[in-house]
Amino acid sequence: MDEVFVDAEFSELMIHGMNSIGVCLSDYQMKQFFQYYRMLIETNKVMNLTAITELSDVVSKHFLDSLSLVKVVKDLSQKEYSIIDVGTGAGFPGIPLKIAYPNLKITLLDSLNKRVKFLQNVIDELGLNNIEGMHGRAEDYGLNTKYREKYDLCVSRAVANLSTLSEYCLPFVKVGGSFISYKSGTIEEEVKQAKGAIKILGGKIKEVLKFSLEEAEAERSFIVIEKKDRISAKYPRKAGMPSKDPLK
């Protein structure tokens with residue numbers, strides 16, 4: 001990464017936000033975050049990566065939100081968790097997690113190849129190791145023995161109902177690991193409706209943690225689903241089915 005001079009406003013917002021969740025960044029990590037922000041904004045001018053572009057919003061609604069995973073996984077800095085980020089989009093939460101916790105092993109999965117190329121550019125520019133971008137659908141990779149039930153954690157901020165997300169994500173999680181869904185808004189009914197699907201997929205809801213982010217209006221939640229049993233070979237179903245006909 002070339003010499004990066006971090007904007008004072010960015011630095012102030014990041015320090016305040018990180019302090020609020022107990023995350024400490026080095027000067028180099030701060031530079032990595034700022035370079036990521038710059039690449040996100042520049043690339044977003046020619047490619048639809050995010051509707052959130054204001055500096056304060058990127059810090060709070062993307063970076064801070066992504067790193068809030070520490071609220072439910074307390075030892076992120078101490079273990080070499082293998083994590084797959086399903087439907088990562090512009091790299092959230094996977095890339096912020098990798099910058100803040102270099103010990104993590106991260107896979108970024110997205111169905112749009114041009115987004116994966118952007119992610120690879122970010123990985124190369126920031127000099128990140130033990131992180132890969134993959135282009136494809138969760139339904140296909142979830143059946144691949146190289147990735148099936150191989151991860152300690154699966155995370156996703158993708159916009160889909162919890163039943164559908166569980167069929168995308170639980171196939172990647174090893175028994176004893178967890179799928180952690182980032183959600184916003186009211187979730188009680190969605191969680192209730194997903195319990196049957198989660199059981200079918202070998203999971204069990206372990207925790208639902210509600211929280212709010214400073215400067216961000218929406219209420220946030222983490223739904224932590226523990227993988228209790230190996231998943232049936234029937235799942236995930238073929239591409240498109242989990243969203244068209246969610247398990248009940």
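Here the structure is a predicted model, which is why all the values come from computation and not from measurement.
For residues 87-102, no residue pair satisfies the salt bridge (charged side-chain N to carboxylate O under 4.0 Å, His left out) rule, not counting sequence neighbours. Annotation: salt bridge (charged side-chain N to carboxylate O under 4.0 Å, His left out) contacts involving residues 170-187, sequence neighbours excluded, comprise Asp152-Lys174, Lys183-Glu190.
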Could you list the donor-acceptor pairs under 3.5 angstrom formed between side-chain atoms of residues 223-230 and any protein atom two or more places apart in sequence or on another chain?
from, atom 1, to, atom 2, distance (Å)
Lys227, NZ, Glu149, OE2, 3.0
Lys227, NZ, Leu170, O, 2.8
Lys227, NZ, Val173, O, 2.6
Arg230, NE, Glu149, OE1, 2.9
Arg230, NH2, Glu149, OE1, 3.2

List, one per line, each side-chain donor-acceptor pair under 3.5 Å for residues 107-116, sequence neighbours excluded.
from, atom 1, to, atom 2, distance (Å)
Thr107, OG1, Glu132, OE2, 3.4
Thr107, OG1, Tyr151, OH, 3.0
Asp110, OD1, Gly89, N, 2.8
Asp110, OD2, Leu112, N, 3.0
Asp110, OD2, Arg115, NE, 2.8
Asp110, OD2, Arg115, NH2, 2.9

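By the 4.5 Å heavy-atom criterion applied to side chains, Glu9 and Leu13 are counted as neighbours. By the 4.5 Å heavy-atom criterion applied to side chains, Pro171 and Leu143 are not counted as neighbours. Leu64 places a side-chain heavy atom less than 4.5 Å from the side chain of Ser20. The closest side-chain heavy-atom distance from Glu139 to Lys238 is not below 4.5 Å. By the 4.5 Å heavy-atom criterion applied to side chains, His62 and Ile52 are counted as neighbours. Side-chain atoms of Lys199 and Lys195, non-hydrogen and from C-beta on, never get closer than 4.5 Å to each other. Looking at heavy atoms from C-beta onward, Phe211 lies in side-chain contact with Ser68 at the 4.5 angstrom threshold. Counting only heavy atoms from C-beta outward, the side chains of Tyr182 and Leu69 approach each other to under 4.5 Å.
Salt-bridge check for Arg157 with Asp65: passed, with a basic side-chain N closer than 4.0 Å to an acidic carboxylate O. Classification of Asp75 and Lys79 as a salt-bridged pair holds, one side-chain N sitting under 4.0 Å from a carboxylate O.
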(request) Give the intermediate values and the outcome of side chain to side chain contact (heavy atoms under 4.5 Å, CB included) for residues Tyr28 and Phe33. (result) CA-CA 9 Å; Tyr28 185 71; Phe33 269 108; over 6 Å; no

(message) Let's go through Ser156 and Cys169 carefully: what are the C-alpha distance in whole Å and the side-chain angles of both, what is the deciding distance for side chain to side chain contact (heavy atoms under 4.5 Å, CB included) to 0.1 Å, and is it a yes or a no?
(response) CA-CA 8 Å; Ser156 183; Cys169 294; 4.1 Å; yes

(message) With side chain to side chain contact (heavy atoms under 4.5 Å, CB included) as the criterion, how do Thr164 and Asn161 come out once you've worked through the C-alpha distance, each side chain's angles and the decisive distance to 0.1 Å?
(response) CA-CA 6 Å; Thr164 298; Asn161 72 70; 3.1 Å; yes

(request) List the steps and the verdict of side chain to side chain contact (heavy atoms under 4.5 Å, CB included) for Lys71 and Ile21. (result) CA-CA 8 Å; Lys71 293 177 180 290; Ile21 58 171; 4.2 Å; yes

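Aromatic ring centroids of Tyr36 and Phe92 lie under 6.0 Å apart. Taking the six-membered ring for Trp and the full ring otherwise, Tyr147 and Phe172 have centroids separated by 6.0 Å or more. Ring centroids of Tyr81 and Tyr101 are separated by 6.0 Å or more, keeping the two rings apart.
Going from atom CG of Leu162 over to atom CD of Glu189 covers 12.0 Å, rounded to the nearest 0.5 Å. Summarising the geometry, atom NZ belonging to Lys105 is positioned 13.0 Å from atom CG belonging to Leu153; distances are rounded to the nearest 0.5 Å. Between atom CD1 of residue Ile131 and atom CG of residue Leu104 there is a gap of 9.5 Å, rounded to the nearest 0.5 Å. Here the CZ atom belonging to Phe10 is positioned 13.0 Å from the NZ atom belonging to Lys31, to the nearest 0.5 angstrom. Going from atom CG of Asn103 over to atom CG of Asn130 covers 10.0 Å, rounded to the nearest 0.5 Å. Atoms OG and CD1, from Ser178 and Ile205 in turn, are 12.0 Å apart once rounded to the nearest 0.5 Å.
In terms of hydrophobic clustering, with Ile, Leu, Val, Met, Phe, Trp and Tyr side chains grouped at heavy-atom distances under 4.5 Å, Val86 and Val73 are assigned to different clusters. Cluster annotation: Tyr168 and Phe222 are assigned to distinct hydrophobic clusters (Ile/Leu/Val/Met/Phe/Trp/Tyr, side-chain heavy-atom contacts under 4.5 Å, transitive). Using a 4.5 Å cut-off between side-chain heavy atoms of Ile, Leu, Val, Met, Phe, Trp and Tyr, with links allowed through other members, Leu67 and Leu119 fall into the same hydrophobic cluster. Both Leu128 and Leu49 are members of a single hydrophobic cluster when ILVMFWY side chains are connected at heavy-atom separations under 4.5 Å. Leu97 and Met134 fall into different hydrophobic clusters, where Ile, Leu, Val, Met, Phe, Trp and Tyr residues are linked whenever their side-chain heavy atoms come under 4.5 Å apart, directly or through other members.
When all heavy atoms of Ala90 and Phe118 are compared, the closest pair comes out as O-CE2, 3.7 Å. Across every non-hydrogen atom of Glu219 and Ser212, the tightest pair is OE2-CB, 3.6 Å. The shortest heavy-atom contact between Ser243 and Gly240 is OG-O, 3.0 Å. Nearest heavy atoms, Val72 versus Leu209: CG1-CD2, 3.5 Å. The heavy-atom pair separating Ile187 from Ser184 by the smallest distance is CG2-O, 4.0 Å. Closest non-hydrogen pair, Ile198 versus Ser166, comes out as CG1-OG, 3.5 Å.
In terms of the side chain to side chain contact (heavy atoms under 4.5 Å, CB included) criterion, residue partners of Ile15 (sequence neighbours excluded) are, by chain and number, Ser11, Asn19, Met30. With sequence neighbours left out, Leu247 forms a side chain to side chain contact (heavy atoms under 4.5 Å, CB included) with Glu167, Ala197, Ile200, Leu201, Tyr235, Arg237.
Counting non-hydrogen atoms of other residues, nucleotides and ligands closer than 6.0 Å to CD of Glu54 gives a total of 12 or fewer. The local environment of NZ in Lys244 is sparse, with at most 12 non-hydrogen atoms from other residues, nucleotides or ligands closer than 6.0 Å. Heavy-atom contacts from other residues, nucleotides or ligands closer than 6.0 Å to CD of Glu207 number more than 12.
Of the possible donor and acceptor atoms, one in the side chain of Arg148 sits under 3.5 Å from a partner among the backbone N and O of Gly142. Formation of a donor-acceptor pair under 3.5 Å by the Ser232 side chain with backbone atoms of Lys234 is found in this model. Side-chain atoms of Gln29 come within 3.5 Å of backbone N or O of Ala100 as a donor-acceptor pair. Between the side chain of Thr43 and the main chain of Leu40, no donor-acceptor pair closer than 3.5 Å is present. A donor-acceptor pair under 3.5 Å is absent between the side-chain atoms of Thr88 and the main chain of Asp85, judged by distance alone.
There is no side-chain donor-acceptor pair under 3.5 Å between Asn121 and Glu125.
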